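Here's the structure we're looking at; comments come further down.
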Amino acid sequence: MRTKSYKLQGRRKPRTKKAEFMLSDDEHELIRFYLKKYKITNRSRWFRETVLNHILKNMDQDYPTLFEENEMRR
């Protein structure tokens with residue numbers, strides 16, 4: 001089963017905000033291995049798409065509903 005791919009709609013705006021984070025040596029090596037294995041050359045784009053897809057997917061699943069989950073299962 002394929003996961004749903006999310007894309008932001010509208011005109012592209014220049015990226016002016018910077019986000020930085022730290023990785024351990026093991027995490028860095030794992031990411032380098034993954035990027036090399038799947039021949040990903042644009043790391044920035046991959047990080048952005050990976051993080052934003054995760055956020056959008058969670059927001060879609062956590063969308064407010066009229067009833068609580070246990071009430072809908074009855």
Side-chain angles (χ1 to χ4, degrees):
M1 184 172 164
R2 284 187 78 186
T3 59
K4 187 175 180 182
S5 178
Y6 293 92
K7 292 186 180 182
L8 297 175
Q9 300 296 322
R11 198 171 136 202
R12 287 190 178 180
K13 299 175 186 172
R15 292 182 182 94
T16 58
K17 307 297 182 213
K18 188 174 190 176
E20 297 182 56
F21 57 94
M22 304 291 286
L23 297 170
S24 70
D25 290 339
D26 293 338
E27 293 167 338
H28 186 259
E29 288 302 316
L30 179 64
I31 290 172
R32 286 185 64 208
F33 174 78
Y34 182 89
L35 296 174
K36 185 176 180 180
K37 178 178 179 181
Y38 293 101
K39 297 178 180 142
I40 298 169
T41 55
N42 190 334
R43 286 188 345 182
S44 295
R45 179 179 173 191
W46 178 77
F47 274 114
R48 267 195 319 276
E49 289 176 354
T50 303
V51 170
L52 292 175
N53 277 334
H54 178 77
I55 291 170
L56 292 172
K57 183 174 131 186
N58 282 349
M59 287 177 69
D60 191 36
Q61 291 174 351
D62 293 341
Y63 192 80
T65 60
L66 184 58
F67 302 103
E68 296 294 325
E69 183 179 351
N70 62 350
E71 293 172 339
M72 293 190 315
R73 291 182 182 213
R74 291 183 194 183

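These numbers come from a predicted model, not from an experiment.
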- Message: Run the salt bridge (charged side-chain N to carboxylate O under 4.0 Å, His left out) test against R32 and tell me which residues pass, sequence neighbours left out.
- Response: E29

- Residues forming a salt bridge (charged side-chain N to carboxylate O under 4.0 Å, His left out) with R12, sequence neighbours excluded: none

- Value for CZ (R45) from OG1 (T50), rounded to nearest 0.5 Å, stands at 10.5 Å

- Query: Who passes side chain to side chain donor-acceptor pair (under 3.5 Å) against R15, sequence neighbours left out?
  - Reply: none

- Task: Please name all residues satisfying side chain to side chain contact (heavy atoms under 4.5 Å, CB included) with S44, sequence neighbours left out, ordered by chain then number.
- Result: N42, R48

- Message: Donor-acceptor pair, distance only, cut-off 3.5 Å: does the side chain of N53 make one with the backbone of E49?
- Response: yes

- Message: Nearest 0.5 Å, please: how far is CD in Q61 from CE in M59?
- Response: 12.0 Å

- Test salt bridge (charged side-chain N to carboxylate O under 4.0 Å, His left out) applied to E27 - qualifying residues, sequence neighbours left out: none

- Partners passing side chain to side chain donor-acceptor pair (under 3.5 Å) against H54 (at least two apart in sequence or in another chain): N58

- Message: Aromatic contact between Y34 and W46, with the criterion being ring centroids under 6.0 Å apart: yes or no?
- Response: yes

- Item | Partner set under ring-ring contact (aromatic ring centres under 6.0 Å, His included) for F47, not counting sequence neighbours | F21

- At what distance, to the nearest 0.5 angstrom, does CD1 of I31 lie from NE2 of H28? 7.5 Å

- Task: Name all residues meeting the side chain to side chain contact (heavy atoms under 4.5 Å, CB included) criterion together with L30; count only those two or more places apart in sequence or in a different chain, and write none if there are none.
- Result: none

- For F33, the ring-ring contact (aromatic ring centres under 6.0 Å, His included) test, sequence neighbours excluded, returns none

